[in-house]
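As C-alpha cells, the structure follows; a few thoughts come after it.
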Amino acid sequence: MNPSNSFEGKSVALLYYVFAFILLWEWLRPLGEFTDTANTFIFVFFIGVSFLMTFFHVKWYITFPVKLFIILFILHGLYFEGVFFSFLWISDLMRDIGFNLSLIPSANWMGMTPNFRTILFFILLWLLVYLIHYWILYQKRILFFFVLTLVYITVLDTFTPYDATYAIVRVVLIGFFMLGLLYFDRLKKLENLKMKRIASLRWIMPLLAFIVFSMILAILAPKASPQWPDPVPYITAVGQEGEGGGDTKRIGYSPNDESLGGSFVSDDTEVFRHTSTERHYWRVETKDVYTGKGWEASDPEAVKEEISSIQGELSWFDERVETRSLESSVTINQDYRYLHVIYPLGLTSFQTEAELPLYLNRNSEMISPFQEDEGSREDFLSYVVTYELPLYPLNEMKKEQIHEDVPEGFIERYTQLPESLPERVRELAVSITKSADNQYDKAKAIENYLGSAEYTYDKEDIPIPNADQDYVDQFLFETFKGYCDNFSTSMIVLLRSLDIPARWVKGYTEGELESTAENNKREYVVTNNNAHSWVEIYFDGVGWVPFEPTKGFVNPYTLTNDYRDVAETEETEEPEEAVEEEPEQTPEKPEEEKVEETTSSTNHSNLNIGDFRLGSIGLYIILIALTLLIFIVYKTRMKWLPRFIIMKYKNRSDEDVFFQAYESLLKQYERRGIKRKEGQTLREYARYIDEYFQMVHMTALTKNYEKALYRQDNAKDEWRKSVELWENLIKRTSS
C-alpha cells in the first residue's frame, strides 16, 4: 500500500514535509551560537535534499549513493585538500575513521577528530529525516518530536545566549497546525471517510484561524513578571568562591564585604566539626566601617601581631559578668581554604598538637597561627579551645549609658555612619525606639522590628544596590527581604543612628547536631550554609553583647538579672539550633494528577464497553473511573489518613515509636498546609500550632518529645504519657 494514498494529494504531503523540515531546522539554528559548529547551512542543505527525495519516493538505491556523495563532498571541502574526484583523500579519511573507531571501546569521546564527528552528525540527521517521515506518513503523529523541539529551544533560550523568542512562536504555530492536520487524517482513516476538498478546507481553515488568533492574542496579552529567579546565575555560581564578582555567590565565609547584596547559592560543604556542651556562635572577625554598600575595616593595613596570652589581649566583657567555663575541640576540614582560628566568644586559651603560636589582628579580632596566612593546613587541622561563656546582666544593661571609661575615639569608631545615609533611616530608628527609655530596650525594639512580619528571610533574588542606593535603605524601605547580612547591617545602622555603639561580627552558627557523646558533649557539623553575621552592642559595665536580628534565628547567649555571685538569676528561654536556611513558605498544594489523552486508531467495531483495547470506550471508562477514584482519595486524605496513622503507632511500645509518631504528626501538619519553617525551633513551631488551633497540646507534647530526644529519658515511658496528647493532635488535623 502506498502511504501517500491516505492523503488528499501531493500538496498536503508537501505541506507536511515543509513543516517537518522547518522543525528540524530549528534544531540546527542555535548551533552556531552555543557550540563551535560553523557552516550549519550545509546540514540544512542535507536535510532539505533528504526530505525532497523522500517526498518524491526516490528508491533507496538512488537516495543512498546521492546522500553519501553529498556527505563525502562536504567532508572533502571542510577537512581535506586536493581535487575531490582524484579520490586520493579517501585513504586518509578511512585511516581517520579507523582511528576514531578504536577510541570507542575506551569511551574516549573527547579524542575523536572533527571530521569523524561531522560524519556522525550527518548520519544522525539521515536517521532523523527517515524517522520523521515514518512518524508523519505511517503513524500520522508528530507530538513527541514537537514537544522535544519545544523543550530543546526553550532550554537553549534559558541557558545560552541564543534568543529563541521567534523560534518558539514558529514551532508552536507549526506544531499545533500539524497536530490538527494529522489528527484529521487519523480521524478520516478511523471512520473510513471519503471527503471532498471543500469539506477538508472546512476543517483546516478554522483550525488555522484558531491557532493564528491564539498566537496573536498570546503575543499581545500582558505578561506577568517572572515568578522564579533566573536559574542561570545559580548554576554558574556553583563551584565559585563566595567573593566572586557575580550577582549570585556561593554561601560561605568571604573576607570581602565591600559590596553586600545579591543572591546566594546554598553550599553544604563541611567547614569544621566541634564537640561542645553548649550551643553558641563561632567568631572569625569583626568590622566597624559601614560604607553605604558594605563593610570595611577602619585600619585595613593592620597586621597580625604575635600574642602570648589571649586573656591579656582580648576582653569582650567586664570581669564582673558571670561566666561558665567550657572547653571545645575543633577539627577543620582539610579543604577549608582559610587559616584563621574559628573561636567562641570569651576565648581564653588555644592549644594545638604542634604548639603553634597565635597572631592577632587587633583591629578586626581575627586570630591565626600564621602571620602571613601561608602556613600548612596539616599543622592546623585540629585544636582545643577553652572559654568563658558569659551570662549577661540584664539590670546592668538597662542602666543609663555614660561611656566614660572607653578609649579615646571608641564611640566615634562604633557610631560611624556615611554622610550619604538617607535621613529616613535615622527617622525610622527614632520612630521604632520612641517608647524605649534605655539602650537595651532600644536595641530590643529594633531587633523585634526587624523580626516582624514586614520583613522576610530570603537568599534568592536579592538585588545589589545601585550606585546611588544605600544598602540598608534599600532593605528597610524597598525590598523588605534578605539574609543575615541585610538584617545585621540594618540593625547596626539603626543603632548607630541613635549614637549606640555597635559592630558587625562574622562567623558561623553552631551547626547541626551530629551525635551525642559522654559528659553531655555533642558533636556538631558546621557547613558553609552556617556562615552567619550578627550584631554586638557595647554596654557600660558589661562589654560587647551579641544581638540576633535575623529572622528565623535565636540568640544563643543567655541573660541573668545581675553580676556574678547574685543568687537570683533569670535565664532567657534556651534557644534551639538555628541554621542559615531560608524559612520556607507554606507549601503549595500538589498539582492534581493529569492523565494524558490517548488517541486511537480503532474503527466502529471497537465501540464495545467491555472491550479494553487501546482506543476503546471501555478503556476510557476505566481510566476515567480510576482517575476519579484517585482524585477522591487524594481530596479526602485529611479525613482517612489520621485514622491510618493512629492505627500504625498508637499500640506500639518500642523505643523508636515516639520519634516516628512525632515526625508523622509534623508531616500531617505539613499536609494541612502548616509546615515547619527551616530555622524554626520545635518549641516555636509548637506554639504556632497551639495558637492556630487555640489549644496547648502541641507545646506539652513537644516538651515530652524533647525530654526523650535531648535528655535521653526513657522514650517508651514518655510515649505512654504522651500517646493520648499525640492522638488528639492527629485527630485535630482532620477537622
**Message:** Could you check whether Y471 and F475 have their ring centres less than 6.0 Å apart?
**Reply:** no

**Request:** Under the side-chain contact (heavy atoms from CB on, under 4.5 Å) rule, what do N333 and V271 come out as? Steps first, then yes or no, please.
**Result:** CA-CA 5 Å; N333 188 324; V271 176; 5.7 Å; no

**Asked** Parallel, tilted or perpendicular: which fits the ring planes of H340 and Y336, with parallel below 30° and perpendicular above 60°?
**Response** perpendicular

**Complete:** Nearest heavy-atom contact between L428 and L476 is CD2-CD1, 4.0 Å

**Prompt:** Any ion pair linking R503 and E365 (charged N to carboxylate O, less than 4.0 Å)?
**Reply:** yes

**Asked** Side chain of T433, backbone of A436: donor and acceptor closer than 3.5 Å?
**Response** no

**Message:** Side chains of D461 and K481, heavy atoms from C-beta outward: is any pair under 4.5 Å?
**Reply:** yes

**Request:** Considering only NZ, NE, NH1 and NH2 on the basic side and carboxylate oxygens on the acidic side, decide whether E670 and K667 come within less than 4.0 Å.
**Result:** no

**Item:** side-chain contact (heavy atoms from CB on, under 4.5 Å) partner of P501, the single match among Q401, R496, Q439
**Value:** Q439

**Residue pair W282, Y343: steps toward the ring-ring contact (aromatic ring centres under 6.0 Å, His included) verdict** = CA-CA 5 Å; W282 291 78; Y343 61 93; 8.6 Å; no

**Nearest atoms (heavy-atom pairs only) where V535 meets S488** = CG2-O, 3.5 Å

**Asked** Is any side-chain heavy atom of E548 closer than 4.5 Å to a side-chain heavy atom of F487?
**Response** no

**Prompt:** With side chains defined as the heavy atoms from C-beta onward, is the minimum distance between L347 and W316 less than 4.5 Å?
**Reply:** yes

**Asked** If we ignore angles and hydrogens, is there a donor and acceptor under 3.5 Å between the side chains of E378 and S376?
**Response** yes

**Prompt:** Can you say whether the rings of Y440 and F539 are parallel (under 30°), tilted (30 to 60°) or perpendicular (over 60°)?
**Reply:** tilted

**Asked** Roughly how far, to the nearest 0.5 Å, is the CD1 atom of I367 from the CG atom of L339?
**Response** 14.5 Å

**Output field: ring centroids Y483/F264 closer than 6.0 Å** = yes

**Item:** Mutual orientation of the aromatic rings belonging to F658 and Y705 [parallel < 30°, tilted 30-60°, perpendicular > 60°]
**Value:** perpendicular

**Message:** What's the separation between atom CG in L358 and atom NZ in K304, rounded to the nearest 0.5 Å?
**Reply:** 11.5 Å

**Message:** Could you check whether R683 pairs with E706 (Lys NZ or Arg NE/NH1/NH2 to Asp/Glu carboxylate O, under 4.0 Å)?
**Reply:** yes

**Sub-6.0 Å ring centroid separation between Y414 and W544** = yes

**Message:** For A453 versus K551, what's the shortest heavy-atom pair and its separation?
**Reply:** CA-NZ, 3.4 Å

**Request:** Determine the minimum heavy-atom distance between A297 and V289, stating which atoms define it.
**Result:** C-CG2, 4.1 Å

**Message:** One pair to check against side-chain contact (heavy atoms from CB on, under 4.5 Å): N395 and Y563. What are the steps and the verdict?
**Reply:** CA-CA 9 Å; N395 291 341; Y563 288 131; over 6 Å; no

**Asked** Would you call the rings of F380 and Y383 parallel, tilted or perpendicular, where under 30° means parallel and over 60° means perpendicular?
**Response** parallel

**Asked** So, the side chain of D540 versus the backbone of I402: is there a donor-acceptor pair under 3.5 Å, distance only?
**Response** yes

**Prompt:** Can you find a heavy atom in the side chain of E322 that is under 4.5 Å from one in the side chain of P393?
**Reply:** no

**Request:** Report, as yes or no, whether the 6.0 Å neighbourhood of atom CD on E454 holds more than 12 heavy atoms from other residues, nucleotides or ligands.
**Result:** yes

**Message:** Assess, by modelled atom type and distance only, whether the side chains of N704 and Y662 contain a donor and an acceptor separated by less than 3.5 Å.
**Reply:** no

**Message:** Go through it in stages, so that I can follow the logic: the residues are L381 and T331, the test is side-chain contact (heavy atoms from CB on, under 4.5 Å), and I'd like the CA-CA distance, side-chain angles, deciding distance and then a yes or no.
**Reply:** CA-CA 6 Å; L381 277 175; T331 302; 5.5 Å; no

**Item:** Exercise: do Y387 and S328 side chains pair donor with acceptor under 3.5 Å
**Value:** yes

**Prompt:** Is a salt bridge present between R424 and D473, judged by a nitrogen-to-oxygen distance below 4.0 Å?
**Reply:** yes

**Prompt:** Between G261 and I464, which heavy-atom pair has the shortest distance, and what is it?
**Reply:** C-CG1, 3.6 Å

**Message:** Could you tell me if the side chain of V505 sits less than 4.5 Å from the side chain of P546, heavy atoms only?
**Reply:** no

**Message:** Using modelled atom types and a 3.5 Å cut-off, is there a donor and acceptor pairing between side-chain atoms of N466 and backbone atoms of D468?
**Reply:** no

**Asked** With under 30° as parallel and over 60° as perpendicular, where do the rings of H532 and Y281 fit, or are they tilted in between?
**Response** perpendicular

**Request:** Check for a donor-acceptor pair, side chain of K442 on one end and backbone N or O of I432 on the other, with a separation under 3.5 Å.
**Result:** no

**Item:** Inter-residue atom distance L360.CG - I307.CD1, 0.5 Å rounding
**Value:** 4.5 Å

**Request:** Take S298 and N363, measure what side-chain contact (heavy atoms from CB on, under 4.5 Å) needs, and give me the verdict at the end.
**Result:** CA-CA 8 Å; S298 56; N363 188 60; 3.1 Å; yes

**Prompt:** Can you name the nearest heavy-atom pair linking K287 to P255, along with the distance?
**Reply:** NZ-O, 2.7 Å

**Message:** Could you check, using the six-membered ring where one of them is a Trp, whether F553 and W534 have ring centers closer than 6.0 angstrom?
**Reply:** no

**Prompt:** Any side-chain heavy atom of L498 sitting closer than 4.5 Å to one from I446?
**Reply:** yes

**Asked** Can you find a heavy atom in the side chain of I332 that is under 4.5 Å from one in the side chain of R377?
**Response** yes

**Request:** Would you check if T527 and Y508 make a side-chain contact, meaning some heavy-atom pair closer than 4.5 Å?
**Result:** no

